[in-house]
Amino acid sequence: MVAVTLGTIIIPKILLISYKKRLFDEPGKRKVHTLPVPRLGGLSFFPIILISLCLIIGIRYHLGFPLENLDANQVLCEFLFFAVGSMMLYLTGVMDDLISLSYRHKFLVQILSALLLVCSGEWINSLGGLFGIYEIPAFLGIPLTLFVVVYIINAINLIDGIDGLASGLCCITLSVLGTVCAVREEYIYSLLAFTTFGVLIPFWFYNVFGNAQRGHKLFMGDTGSLTLGYIISLLVIHLSMADTKNGERMNTDMILAFSTLIVPLFDVIRVVLHRLREKKNPFLPDQNHFHHKLLCTGMRVRTVMTTILCVSLFFIGLNWMLAGKVGTVWLLITDIVLWTSMQLCINYAIRLHAKKKLLNPN
């Protein structure tokens, strides 16, 4: 509620400054919007999250509540490293939104930020039975963690193509991850998830329902997507850590955590493979993302957003029901087959729509 309140107060101020200083995301070939729209909504995310977290933890401390079930020293170290990494990505996002940075510079900062998470003690130490592998050593787990963090950050960034999509998917992800952490009684991680969720609520309404002609519409920009990707990365990595000391093998929390990101993660793989097949630079933007394909079927922007959010909920629900009953490998194969089948159906719908336009150009 603190985050929602602060967001409701601060976001209109960002809109006002953006219009006064003419800080806009201009329309273009790859853009869906037709009017200049401010893209500095993400400026509000990290400061509000930090203020809310520090305020609530401070109030709880003075009221005599401990950090339940957590090693205070470990949590302090972890969140200090997390704050540094978040600030690095936040400043990088601000620079990119204002003057534009090359993807090389952004990758470098993302890798450094990922290293900070690893330094805090958060790294993937088990694959939960994927390909028959359970516990993995640090020399494999740490590079894998760096890859996963950078992968998630960029997946969130790349899916941010239409109104409400990235923020909507992040809301779903954060609510699931926050609930899992609460069930595990790891309330500080749950607090981080739901605080971030709270920041997104007022932004989502401005992003989806705001009127650009009246100056009420706002994009999150790279500042927002990088911040969200990093926070989600921390939560996913934390839930993916298996208790190897007690011989834990199947980590259903890990499966559920990654299930919340199936849409952006699978979409990145599909887009990169398509670009490589077309002999294009995989790091340069194009119009072949999931939302672009659905738009090509004739769907409206808001219908596309709703459809993709429903697809995300479907995969989360499916994997939640099958986790523990089906092996991790078979679960992954099932997800890939369903995703591929869906993409083939969309390709067919695109061809039908193109034929219809040729026959009825008006």
Side-chain angles (χ1 to χ4, degrees), residues 1-5 7 45 48-50 52-53 55-57 59-60 65-70 74-75 78-79 82 86 117 122 124 126 128 148-149 152-153 155-156 159 164-205 227-243 248 250-265 306 308-326 328 331 335:
M1 291 307 298
V2 171
V4 171
T5 304
F45 292 1
I48 290 175
I49 292 167
L50 195 61
S52 302
L53 279 174
L55 180 63
I56 298 302
I57 293 172
I59 290 173
R60 285 177 58 81
F65 290 98
L67 295 173
E68 297 92 339
N69 300 331
L70 292 171
Q74 169 64 21
V75 169
E78 187 171 320
F79 273 79
F82 162 74
S86 295
L117 283 189
E122 295 282 356
I124 298 173
S126 170
V148 168
V149 173
I152 291 174
I153 291 172
I156 300 298
I159 204 71
L165 180 55
S167 52
L169 287 171
C170 287
C171 281
I172 292 172
T173 299
L174 290 164
S175 60
V176 173
L177 298 179
T179 302
V180 173
C181 289
V183 170
R184 288 164 54 133
E185 297 185 356
E186 294 178 337
Y187 298 120
I188 194 165
Y189 296 97
S190 184
L191 178 63
L192 173 63
F194 285 115
T195 299
T196 310
F197 177 80
V199 171
L200 287 174
I201 292 174
F203 168 81
W204 191 82
F205 279 98
T227 301
L228 292 175
Y230 194 57
I231 291 170
I232 289 171
S233 297
L234 168 63
L235 295 169
V236 168
I237 298 301
H238 177 72
L239 291 174
S240 298
M241 292 183 69
D243 187 2
E248 183 181 23
M250 173 70 83
N251 186 355
T252 54
D253 291 342
M254 178 183 185
I255 294 170
L256 188 57
F258 277 99
S259 297
T260 63
L261 295 168
I262 278 181
V263 170
L265 295 183
T306 306
I308 296 177
L309 295 184
C310 290
V311 169
S312 178
L313 289 170
F314 167 76
F315 277 109
I316 293 169
L318 176 70
N319 289 351
W320 177 67
M321 288 189 295
L322 295 179
K325 300 175 184 176
V326 178
T328 310
L331 195 56
D335 290 337

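The basis for the numbers below is simple: all heavy atoms, side chains too, and nothing from hydrogens, waters or symmetry mates. Being a predicted model, the structure only gives us computed values, none of them experimental.
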- Residue pair Cys181, Leu239: steps toward the side-chain contact (heavy atoms from CB on, under 4.5 Å) verdict: CA-CA 8 Å; Cys181 289; Leu239 291 174; 3.9 Å; yes

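- Ala182 approaches Ser190 most closely through the heavy-atom pair CB-OG, 3.6 Å.
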- Query: How far apart are the C-alpha atoms of Asn319 and Ile262, what are their side-chain angles, what is the distance that settles it, and do they pass the side-chain contact (heavy atoms from CB on, under 4.5 Å) test?
  - Reply: CA-CA 10 Å; Asn319 289 351; Ile262 278 181; 3.3 Å; yes

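- No hydrogens or angles considered: a donor-acceptor pair under 3.5 Å links the side chains of His238 and Glu186.
- A 4.5 Å side-chain heavy-atom check between Thr179 and Phe194 finds at least one atom pair inside the cut-off.
- Separation of atoms CD1 (Ile48) and CG (Leu53) is listed at 12.0 Å; rounding is to 0.5 Å.
- Separating the OG atom in Ser240 from the CD1 atom in Ile124 is a distance of 5.0 Å, to the nearest 0.5 Å.
- Of all the heavy atoms in Ile172 and Leu309, the pair that sits closest is CD1-O, 3.8 Å.
- Across every non-hydrogen atom of Pro264 and Leu169, the tightest pair is CD-CD1, 4.4 Å.
- Of the possible polar contacts, none joining the Ser52 side chain to the Ile49 backbone as a donor-acceptor pair under 3.5 Å is found.
- Between Trp320 and Val176, the closest side-chain pair of non-hydrogen atoms is not below 4.5 Å.
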- Query: What's the verdict on side-chain contact (heavy atoms from CB on, under 4.5 Å) for Leu228 and Leu200, showing C-alpha distance, side-chain angles and the deciding distance?
  - Reply: CA-CA 10 Å; Leu228 292 175; Leu200 287 174; 3.8 Å; yes

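- Atom CZ of Phe197 sits about 14.0 Å away from atom CD1 of Ile231, to the nearest 0.5 Å.
- The nearest pair of heavy atoms linking Ala3 to Gly198 is CB-C, 4.0 Å.
- Rounding to the nearest 0.5 Å gives a distance of 8.0 Å between SG of Cys171 and CH2 of Trp204.
- Atom-to-atom distance recorded for Tyr230:OH and Leu234:CG is 7.5 Å, nearest 0.5 angstrom.
- Here the CD1-CG distance, from Ile316 to Leu261, works out to 8.5 Å after rounding to the nearest 0.5 Å.
- Side-chain contact check for Thr196 versus Phe45: every heavy-atom pair is 4.5 Å or farther apart.
- What you find for Gly229 and Ile153 is that their closest heavy atoms are C-CG1, 3.7 Å.
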- Message: Determine whether Phe82 and Leu192 satisfy the following criterion, side-chain contact (heavy atoms from CB on, under 4.5 Å), listing intermediate values before the conclusion.
- Response: CA-CA 11 Å; Phe82 162 74; Leu192 173 63; 4.1 Å; yes

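- Within the 4.5 Å cutoff, no side-chain heavy atoms of Leu235 are placed close to those of Thr173.
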